[in-house]
Amino acid sequence: MTLFSERIQNGELGLEKVGETVRLLGWVQRRRDHGGLIFVDLRDRSGIVQVVFDPERMGTEFSIAESLRSEFVVSIQGQVIARPEGMINPNLVTGKIEIVAYSLEVLNGAKTPPYYLVDQVDVDETVRLKYRYLDLRRPEMQNVFKIRHRVTQIMRNFFDSQDFYEIETPMLNKSTPEGARDYLVPSRVHPGEFYALPQSPQLYKQLLMVGGMEKYFQIARCFRDEDLRADRQPEFTQLDVEMSFVEVEDILPMMEKLMVKIFAEAVGKEVSIPFPRLTYKEAMDRYGSDKPDTRFGMELIDVGDLVGKSGFKVFANVVAGGGSVKCICAKGCAGMPRREIDDLAKFVSTYRAKGLAWIVMAEEGIKSPIAKFFTEEEMAALIDLTRAETGDILFFVADTYAVVSDALGHLRLELAKRLGLIEEGSLEFLWVTEFPLLEYDDEQKRHIAIHHPFTAPMDEDLQLLESEPLKVRAKAYDMVLNGTELGGGSIRIHRREVQEQLFKLLGFSEEEAVAQFGFLMEAFEYGTPPHGGIAFGLDRMIMLLTGKDNIRDVIAFPKTQSASDLMAHAPSPVADKQIKELHIRTNIEESVADKK
RNA sequence: GGCCCCGUGGUGUAGUGGUUAACAUGCCUGCCUGUCACGCAGGAGAUCGUCGGUUCAAGUCCGAUCGGGGUCGCCA
């Protein structure tokens, strides 16, 4: 019987092993049958090595080699030899050696896989997801999970070295309003009542601080029943961190050190600290985004003052109405065909911009449908303010501040992508700080928390809480890398009075606040230390570390855009008995459920 | 919920409304002792996602539906 423990990994094989007898275990990547001589590329987690089957060296077992097919699982014993002159394969890490087999055992056969398992897959993702266990065999995928593992190990080591405790919090939680839609779990024991899966361990980690744990972290699964995106799954993983007796300045530098460690040890990239910081206002003003990509310029320029008094009614009216007019200067784009400009106008309309005005700084002079509305002086001032030069295009959006920011912020990113302005491999970290505490929701006709309702206001803005709540800034911060929000957190409220005041501002009655969060507020009365923390999106971090543009590629068993698991076929109907036990009933026709 | 894109042998693609749906690769069989995307010869494999409509005739045009992707809303 095979002793698996004697095995050596393919990737460990090199010239220094020449002459040794080894046992290899793995999958047949490819078989090249020359009749009298058979080559097999043997793949395991560590890599690929070529095995040679020669009838003169192995006798009757040679016929087994003839029967090998792709993805057969085999055990091979053989001798490592240096490849003869001229037969070295430079494309293979192990290309200087090969294994001459003298014994072969098929541990398991395999059906022909639906597609050939190599890195340059060009296969419909549906197929990859249905056969996820095959897709995961591809070296590219193996590498993702190797890095993912390393990152979580680095996190654990880091926090351990800083005296943090890793503590688990419940998956069956109380459903609370605010935030995302909950995934609900019906209770069998309490008819008509439901648990909610955690959107994040927020309340529990704060209560761990009340519980005197002082420093906590968790690599926590979170659930949000919202629509999916390229970087959003219904269940995802957060690195969740909370500390007692800290202020903003304790947390940010520590997290910077963590990033240095992760990038150095997981992918060998250098990260320089401290990270630049931008206030929320500055980020919005300059980049139209609270997660600005600073790998390129093309900042937003406010031209409101200049065009507000001009003869161009569209701009003047927006300014008069309290809106804003801004532009970005696309360097060297004067040659852009009209068709593409129209395309960009369509692009910004996605973000509710009503139009995209433009001024082309052509060699022959200014070309623009709006130029005629400006005097020569106004045009000169505009060019001066925007530093537009011959060869550039200015793109303008006039609307509310929010729409202008959103539209031009995204246009800026789109142009950078089309023009190739972003340098591969560059890492631009930054912190965005001083977020507003609240925003007004027109639909619900009430204030809602931008971060979450437990975020502490900045001390200097406390006195504005009653009079001008929308002007209050929060002790909240986001870490941004290359235009992606990696994580965010805040210093929390730790006094009952302040928390009550906040719930009131959010439109909770006293009864509602107590019903939903009474346990938290009661806890605050028993000596709660000042505390704060942060949470990072692990999946997004792995995306950035591995260069994937799709969250499904960094999750072992991901779900599709409609939240289905194509491999396991979840979700699925369940037996009537199960439904009854849970005291629930669906309003879907029986026949529909049967078909599924 | 809105908008956009995709769906043709196992896989990736081609396919003016008109014969037997083409090509590559994979698969199967045979030959082959230095290949590494091995080679050579032969073979099998598709009712074009599904349903309906227009038409003498639909893979192709129209509608619906299902599945997948991107995105806005939603989501921190």
Interatomic distance at [atom1], [N] relative to [M], whole Å:
{"N": "B:U55", "M": "B:C66", "atom1": "P", "value": "27 Å"}
{"N": "B:G18", "M": "B:C40", "atom1": "P", "value": "35 Å"}
{"N": "B:C28", "M": "B:U19", "atom1": "P", "value": "34 Å"}
{"N": "B:G17", "M": "B:U54", "atom1": "C1'", "value": "11 Å"}
{"N": "B:G68", "M": "B:U29", "atom1": "C1'", "value": "37 Å"}
{"N": "B:G49", "M": "B:A57", "atom1": "C1'", "value": "23 Å"}
{"N": "B:A24", "M": "B:C61", "atom1": "P", "value": "26 Å"}
{"N": "B:A46", "M": "B:G39", "atom1": "P", "value": "26 Å"}

Quick check for you: among [options], whose closest atom lies nearest to any side-chain atom of [X]?
{"X": "A:Glu56", "options": "B:G26, B:U33, B:G34", "result": "B:U33"}
{"X": "A:Arg30", "options": "B:G34, B:C32, B:G26", "result": "B:G26"}
{"X": "A:Leu37", "options": "B:U35, B:U33, B:C28", "result": "B:U33"}
{"X": "A:His34", "options": "B:U35, B:G10, B:G68", "result": "B:U35"}
{"X": "A:Val123", "options": "B:G12, B:G69, B:C36", "result": "B:G12"}

Could you tell me how far apart [X] ([atom1]) and [N] ([atom2]) are, to the nearest whole angstrom?
{"X": "A:Lys346", "N": "B:C4", "atom1": "NZ", "atom2": "C1'", "result": "7 Å"}
{"X": "A:Ile97", "N": "B:C36", "atom1": "CD1", "atom2": "P", "result": "18 Å"}
{"X": "A:Glu66", "N": "B:C28", "atom1": "CD", "atom2": "C1'", "result": "15 Å"}
{"X": "A:Leu92", "N": "B:A37", "atom1": "CG", "atom2": "P", "result": "9 Å"}
{"X": "A:Arg128", "N": "B:G69", "atom1": "CZ", "atom2": "P", "result": "11 Å"}
{"X": "A:Asp565", "N": "B:G68", "atom1": "CG", "atom2": "P", "result": "11 Å"}
{"X": "A:Asp119", "N": "B:G12", "atom1": "CG", "atom2": "C1'", "result": "17 Å"}
{"X": "A:Asp124", "N": "B:C6", "atom1": "CG", "atom2": "P", "result": "13 Å"}

Next item on the list: Establish, with yes or no, whether the OP1 or OP2 oxygen of B:G67 is under 4.0 angstrom from a side-chain nitrogen or oxygen of A:Thr560.
Entry: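 So the side-chain polar atoms of A:Thr560 never come under 4.0 Å of the phosphate oxygens OP1 or OP2 of B:G67.
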Check: For B:C38, does either OP1 or OP2 sit under 4.0 Å from a side-chain N or O belonging to A:Arg32?
Finding: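 For B:C38, OP1 or OP2 has a side-chain N or O of A:Arg32 closer than 4.0 Å.
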Between [Y] and [X], is there a salt bridge with N-O shorter than 4.0 Å?
{"X": "A:Arg540", "Y": "A:Asp231", "answer": "yes"}
{"X": "A:Arg338", "Y": "A:Asp343", "answer": "no"}
{"X": "A:Glu178", "Y": "A:Arg446", "answer": "yes"}
{"X": "A:Arg138", "Y": "A:Glu140", "answer": "yes"}

How would you label the contact of [X] with the nucleic acid (heavy atoms, under 4.0 Å): base, sugar-phosphate, or nothing?
{"X": "A:Tyr116", "answer": "nothing"}
{"X": "A:Asp122", "answer": "sugar-phosphate"}
{"X": "A:Glu98", "answer": "base"}
{"X": "A:Ser200", "answer": "nothing"}

Nucleotide paired to [N] in any strand shown, Watson-Crick or G-U, under 3.5 Å:
{"N": "B:G52", "value": "B:C62"}
{"N": "B:C31", "value": "B:G39"}
{"N": "B:A22", "value": "B:U13"}

Next item on the list: Answer with yes or no whether A:Arg31 presents, from its side chain, a donor or acceptor under 3.5 Å of a partner atom in the base of B:C36.
Entry: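 Counting by modelled atom types and ignoring angles, no donor-acceptor contact under 3.5 Å is found here.
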Please table the atom pairs, donor to acceptor, closer than 3.5 Å between any side-chain atom in residues 397-407 of chain A and protein atoms at least two apart or in another chain.
unit_1	atom_1	unit_2	atom_2	d
A:Asp399	OD1	A:Lys354	NZ	3.4
A:Asp399	OD2	A:Lys354	NZ	2.7
A:Thr400	OG1	A:Val403	N	3.2
A:Tyr401	OH	A:Asp285	N	3.3
A:Tyr401	OH	A:Asp285	OD1	2.4
A:Ser405	OG	A:Tyr401	O	2.8
A:Asp406	OD1	A:His410	ND1	3.2

Check: Going by the angle between their ring planes, with limits at 30° and 60°, are A:Phe223 and A:Tyr183 parallel, tilted or perpendicular?
Finding: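 Correct class here is perpendicular.
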Check: On RNA chain B, nearest-nucleotide positions of A:Lys559 versus A:Ile81: which is more 5'?
Finding: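 Upstream on the strand: A:Ile81.
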Checklist line | Footprint string (nucleotides 70-76 of chain B, 5' to 3'): B base within contact, S backbone only, - free, heavy atoms under 4.0 Å | finding: BBBBBBB
Next item on the list: For the pair A:Asp240 and A:Tyr216, evaluate side-chain hydrogen bond (donor to acceptor under 3.5 Å, both in side chains) and give the outcome as yes or no after the intermediate values.
Entry: CA-CA 8 Å; A:Asp240 197 44; A:Tyr216 141 95; 2.8 Å; yes
Item checked: Stacked pair A:Phe39-B:U35, distance under 5.5 Å, angle under 30° ->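 Stacked: centres under 5.5 Å apart, planes under 30°.
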Check: About how many Å separate CD of A:Gln199 and CD of A:Gln238, when rounded to the nearest 0.5 Å?
Finding: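 Interatomic distance, A:Gln238 CD to A:Gln199 CD, rounded to 0.5 Å: 10.0 Å.
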Note to self: I need the A:Met284 CE to A:Leu278 CG distance, nearest 0.5 Å.
What the structure shows: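 Answer rounded to 0.5 Å: 12.0 Å.
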Check: Between A:Phe53 and A:Phe62, is the gap from one ring center to the other below 6.0 Å?
Finding: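 Between A:Phe62 and A:Phe53, which both carry aromatic rings, the centre distance is not below 6.0 Å.
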